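One structure below.
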Amino acid sequence: MSKIVATLAIKGAQDLYKQASDFLTKAIKEKGPEQKIGFPETAFYLPMANALLGAKVEALKDALPILEHAKSLIKEPPSEKVWLPYLGDALDAGMAALFCEEIIVALRYLYGIEPEKDCVGFCTDSILRQLGIQLVDGRMTGVALILGAAPDNKKAVEIVRQLQEKNILIFVGSSTNGRSIIDQLLEENVQMGWDNYIVPYGRDTISAISVLNFAIRSALTFGGIKAGQAQKCLLYTKERVLAFGLALGAVDEIKVATGAGAINMGFPVIADTDIPEIKASGVTTYEALVKELDYGKIVSRCLEVRGVKVKVSNIPIPVAYAAAFEGERVRREQLYAEFGGKASLGFEFIRMGDSSKIEDGKVDLVGPDIDQLPEGMKSLPLGIYAEVSGRKMQKDFEPILERQLHRFLNYCMGVMHIGQRDMNWIRISKDAYAKGFRLKHLGVVIHAMLHQEFGAIVDKVQVTLYTKEDDVQNVLVQAKKAYDERDERLSGMTDENVDTFYSCELCQSFAPNHVCVVTPEKLGLCGAYSWLDAKAAYEISPTGGNKPITKGQCLDLNLGEWHPVNDYIYQHSNKTIERFCLYSILNCPSTSCGCFECIVAIIPEANGVMIVNRDYSGMTPLGMTFTALAGSVGGGAQTPGFLGVGKMYISSKKFISAEGGLKRVVWMPKELKEILAEKLKNRAKEVGDPDLLDKIADETSTTTSEGLLEFLQKVNHPALTMPSLL
């Protein structure tokens, strides 16, 4: 069996080598050896070559040694008389195939023929970091790479929906006999994109390298592994990136070669055709190559072979329910009914109540349901009021539970939820309505999910839904009063008036040496976890990713250094980080995993710092983009002068307070300034410079260090007269 696979893989690799060699020769002849080459918005050059060979391919001439290395890996196909007891030649051919495919796709970008229509092509570093949060917190349980086409459109949709329901990120592409699963899904009007967990990468097998590049960069981004450490990179993808390949339809030589490359990364391949199987493990966790001819079992077989553990919510509602539907959009042509937003009055409100007055599981609808809408009417007011009780429930947990309604309701297929509090907006699709979805099902979901995710603090949940204008108005008065009380209570919390901080170690599944320390005035660098979130998470699951750290002896209040915090960090960073100063960017700063929303970096000549958010793809005054900067900051590294942060931390009093705080900020993207404008203006008044926001440059002012200095002098920025940073 291994001989058949080796023969096919080697022939496929030989074909790919010829394609890459011919294409590269053509490009050098037409554009010259110094012509720049690369993928969009990445700091990792050609990622596979960078990760495994330590190569920095920046120009066409730099690809030549990679091509030669690939050639050296391709052996001659074994003769019929040779018995191969192992996969060595096939695996070598697989790696050669990946190097060649990477060069081919990079050249396609150079010639403007990649990505294809309706395809995303290469995944940027920014998207990788955004998805990292979902991979580490369990919302996304694994990654599927589908190559080919199902026997018919119905089976294609069924396979994808089953994977979605299990919260698998699905990359779809390649073709079988000229037919691609991408077109099968388009013909069935299946929404695709990152938000829907269905990502079309390209219609030929070669473009699958974009998905494998996504995987290999996770080792460099989150794992703290250096470029060129091939064995560590491949072990990382095997152990931490729960990916697998699913080959639909006839398997040709290029698919086998690509599959052999995926197996090298620890990713097994499952096929729906009668292929020779490879049951041996070692390179992969379990079997390397298997077949499953029963389409009713093929998804479960994939998960079994890769070892993916899926937590599926069995909620009694008439539509599919999974995190994969969180990003689904209900567009106007699909709309049956909507609530809140610009359409009508709406709110959602969770309140701790008296246990004796709460009937667990009770869901009341006060007013008409969507099947009682007058003809032509598509909107109703909607108030969602949930009362919860529990022996460990605290009033401070109310807003934490309430924020989860966005996720819980979005997990319903055919339901779109945006916003929170009295600024929410809910849409229900025609398909969901046709399947029997009604307003009471929103309450069923809220009850089930609060018990499932917050069972340690929630004993009872009762939900009331109001759809009459007067009722919504009356309850909204109570809700707004509670919103104001919460804001006042939370805004008054400081690091000084608590005796306990919390760790966040969720990202250790990707960045083993990284630990966040979350305080009332310093949220997690991903922006998703506040001190109250971490406190609630510990109450819910004491053995989970959030644990208390008693502050104890303070070593330096200005830097934000405590003896017990140092001890905790040392023990939980695999004894790699000895000191940890919460309020400094220069002295033993916090580590960063790779999920950070923003990067703070010093600009010595301006005596200040710049901040760049991951959604900004342009140039910065340091001469580097976000993705280039991120290559130096992530992976659990402690990098003086650079800091990954959550964007809301920028307006905190503790934001790099050891170096002077907000007054040190000299540049940030315009979009980030606008998002934080109100909070930054208030903070500027507190530091005695109410016009500070206008003195902070952005990309409309300059993106060069020279231009930045001119701008700062013109506006008399305070950083210029502050003590030297270095």
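Residue numbers run from 1 in the order of the sequence given. From a predicted model like this one, the values you see are computed outputs, not experimental measurements. Every heavy atom of this structure was used, including side-chain atoms; hydrogens, water molecules and symmetry mates were not.
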Between atom [atom1] of [X] and atom [atom2] of [Y], what is the distance when rounded to the nearest 0.5 Å?
X: Leu523; Y: Met648; atom1: CG; atom2: CE; value: 8.0 Å
X: Ile182; Y: Phe171; atom1: CD1; atom2: CZ; value: 12.0 Å
X: Lys440; Y: Ile317; atom1: NZ; atom2: CD1; value: 15.5 Å
X: Leu672; Y: Arg614; atom1: CG; atom2: CZ; value: 12.0 Å
X: Leu439; Y: Asp369; atom1: CG; atom2: CG; value: 4.5 Å
X: Glu597; Y: Lys647; atom1: CD; atom2: NZ; value: 4.0 Å

Side-chain donor or acceptor of [X] paired with backbone N/O of [Y] under 3.5 Å:
X: Ser652; Y: Lys522; result: no
X: Ser503; Y: Lys547; result: yes
X: Glu116; Y: Gly202; result: no
X: Gln184; Y: Val157; result: no
X: Thr467; Y: Pro368; result: yes
X: Asp698; Y: Met668; result: no
X: Asp459; Y: Arg391; result: yes
X: Gln164; Y: Asn196; result: yes
X: Asp360; Y: Val461; result: yes
X: Lys430; Y: Glu333; result: yes

For the residue pair [X] and [Y], establish whether any side-chain heavy-atom pair is separated by less than 4.5 Å.
X: Asp422; Y: Tyr483; value: yes
X: Asp183; Y: Arg203; value: yes
X: Met393; Y: Leu401; value: yes
X: Ile168; Y: Thr141; value: yes
X: Phe626; Y: Asp125; value: no
X: Trp194; Y: Gln130; value: no
X: Met192; Y: Leu186; value: yes
X: Val388; Y: Phe397; value: no

Enclosure of [X] [atom1] (heavy-atom neighbours >12, cutoff 6.0 Å):
X: Lys395; atom1: NZ; value: yes
X: Gln394; atom1: CD; value: yes
X: Lys681; atom1: NZ; value: no

Verdict with supporting geometry, Asp152 and Lys155, salt bridge (Lys or Arg N to Asp or Glu O under 4.0 Å): CA-CA 6 Å; Asp152 54 62; Lys155 283 190 174 63; 3.6 Å; yes
Should Asp495 and Lys654 be marked as a side-chain contact (heavy atoms from CB on, under 4.5 Å) after you check the CA-CA gap, both sets of side-chain angles, and the distance that decides it? CA-CA 9 Å; Asp495 290 0; Lys654 294 297 191 290; 3.8 Å; yes
Working note: Phe222 + Arg217, criterion side-chain contact (heavy atoms from CB on, under 4.5 Å); need CA distance, chi angles, decisive distance, verdict. CA-CA 8 Å; Phe222 302 110; Arg217 276 178 293 152; over 6 Å; no
List the steps and the verdict of salt bridge (Lys or Arg N to Asp or Glu O under 4.0 Å) for Arg486 and Glu402. CA-CA 12 Å; Arg486 290 174 189 170; Glu402 197 173 275; 3.0 Å; yes
Quick one: list whatever passes side chain to side chain donor-acceptor pair (under 3.5 Å) with Asp533, sequence neighbours left out.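 Side chain to side chain donor-acceptor pair (under 3.5 Å) list for Asp533, sorted by chain: Arg403, Ser530.
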Please work out which of the three classes, parallel, tilted or perpendicular, describes the rings of His451 and His447, given edges at 30° and 60°. perpendicular
Given the ring of Tyr336, does Arg427 sit roughly above its face, with NZ or CZ under 6.0 Å from the centre of the six-membered ring and within 45° of the axis? no
Identified ring pair (Phe, Tyr, Trp, His ring centres under 6.0 Å) partner of Tyr649 from the options Trp531, Phe655, Phe596: Phe655
Which atom pairs, donor and acceptor, lie under 3.5 Å between side-chain atoms of residues 339-357 and protein residues at least two apart or in another chain?
unit_1	atom_1	unit_2	atom_2	d
Ser344	OG	Gly340	N	3.0
Ser344	OG	Leu380	O	2.6
Glu348	OE1	His417	NE2	2.8
Glu348	OE1	Asn424	ND2	3.1
Glu348	OE2	His417	NE2	3.2
Asp354	OD1	Ser356	N	3.0
Asp354	OD1	Ser356	OG	2.9
Asp354	OD2	Ser356	OG	3.2

Please report the C-alpha distance between Ile428 and Val330 in whole Å, then the side-chain angles of each, then the deciding distance to 0.1 Å, and finally whether the side-chain contact (heavy atoms from CB on, under 4.5 Å) criterion is met. CA-CA 7 Å; Ile428 296 174; Val330 177; over 6 Å; no
Test applied, side chain to side chain contact (heavy atoms under 4.5 Å, CB included); reference residue, Leu465; option that passes from Val363, Asp471, Val366: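 Answer to the side chain to side chain contact (heavy atoms under 4.5 Å, CB included) test with Leu465 among Val363, Asp471, Val366: Val363.
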